[in-house]
Chemist: 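Take a look at this one; I'll ask things after.
We're numbering straight along the sequence, starting at 1.
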Amino acid sequence: MIRKVLITGACLMVMSGTAIAGHCPADAKAIDHALQSSKMSMADQKEVKAMRDKGMELHNSGDHRQSEKVLAEAMRKLLMAQ
């Protein structure tokens with residue numbers, strides 16, 4: 001019984017990690033789209049682009065939690081500029 005619970009828990013963790021991993025590229029795409037129509041300064045745009053690139057670098061290396069944090073911060077910066 002305990003073994004089944006542990007196996008089920010492990011499977012759920014793997015599946016949720018895969019779901020989270022798919023979110024990062026969508027966030028990066030949204031940032032790219034928002035930057036096209038943004039009226040923020042060039043320096044701020046450069047900073048957001050660097051954050052977006054760092055987020056995708058983290059995503060590609062498998063650090064999805066940190067990737068989401070960095071991409072969310074880039075999105076917040078974009079929203080505050082509007």
Side-chain angles (χ1 to χ4, degrees):
M1 177 69 174
I2 292 176
R3 184 174 181 196
K4 286 183 183 180
V5 171
L6 291 174
I7 291 172
T8 301
C11 289
L12 289 174
M13 285 176 37
V14 168
M15 290 180 353
S16 68
T18 304
I20 291 170
H23 196 268
C24 302
D27 288 349
K29 188 173 182 179
I31 291 167
D32 290 342
H33 182 70
L35 277 171
Q36 291 176 356
S37 61
S38 175
K39 294 182 170 121
M40 54 189 341
S41 70
M42 291 301 285
D44 286 341
Q45 283 185 19
K46 194 173 188 177
E47 184 180 351
V48 169
K49 286 178 186 178
M51 292 167 74
R52 180 243 184 251
D53 292 343
K54 179 67 176 173
M56 287 310 296
E57 181 182 309
L58 289 163
H59 167 77
N60 292 334
S61 71
D63 190 354
H64 301 291
R65 283 193 194 274
Q66 191 61 30
S67 172
E68 286 181 343
K69 287 179 184 178
V70 171
L71 292 171
E73 182 63 30
M75 284 191 256
R76 276 192 291 277
K77 189 162 185 72
L78 274 166
L79 287 173
M80 289 174 42
Q82 304 221 354

Chemist: Return the minimal non-hydrogen interatomic distance between Leu71 and Cys24, and the atom names on each side.
Modeler: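 Taking Leu71 first and Cys24 second, the nearest heavy atoms are CD1-O, 3.5 Å.
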Chemist: Should the pair Glu73-Arg76 be classified as a salt bridge under the 4.0 Å nitrogen-to-oxygen rule?
Modeler: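 Salt bridge: yes.
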Chemist: For a quick test of reading the model, state the closest non-hydrogen atom pair linking Leu78 to Ala34 and the distance between them.
Modeler: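 Looking at all heavy atoms of both residues, the closest pair is CD1-CB, 3.8 Å.
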Chemist: Which heavy-atom pair separates Gln45 from Ser38 by the least distance, and what is that distance?
Modeler: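 For Gln45 versus Ser38, the nearest heavy atoms are NE2-O, 3.7 Å.
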Chemist: Which distance, rounded to the nearest 0.5 Å, do you find between the CG of Asp44 and the CE of Met80?
Modeler: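 So the gap between those two atoms works out to 9.5 Å.
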Chemist: Determine the minimum heavy-atom distance between Met51 and Val70, stating which atoms define it.
Modeler: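 Shortest heavy-atom contact: O-CG1, 3.1 Å.
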Chemist: Rounded to the nearest 0.5 Å, what separation is found between the CD atom of Gln36 and the NE2 atom of His33?
Modeler: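 If we round to the nearest 0.5 Å, Gln36:CD and His33:NE2 are 6.5 Å apart.
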Chemist: Just wondering, do Leu58 and Arg65 contact through their side chains at under 4.5 Å, heavy atoms?
Modeler: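 The answer is no, as the side chains (C-beta and beyond) never meet within the 4.5 Å cut-off.
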Chemist: NZ/Lys69 to NZ/Lys54 distance, rounded to the nearest 0.5 angstrom?
Modeler: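 Those atoms lie 13.5 Å apart.
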Chemist: What distance separates Asp27 CG from Met75 CE, expressed to the nearest 0.5 Å?
Modeler: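 Those atoms lie 3.5 Å apart.
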Chemist: Going from CD1 on Ile31 to NZ on Lys49, what distance comes out if it is rounded to the nearest 0.5 angstrom?
Modeler: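 Spacing of CD1 (Ile31) from NZ (Lys49) equals 12.5 Å.
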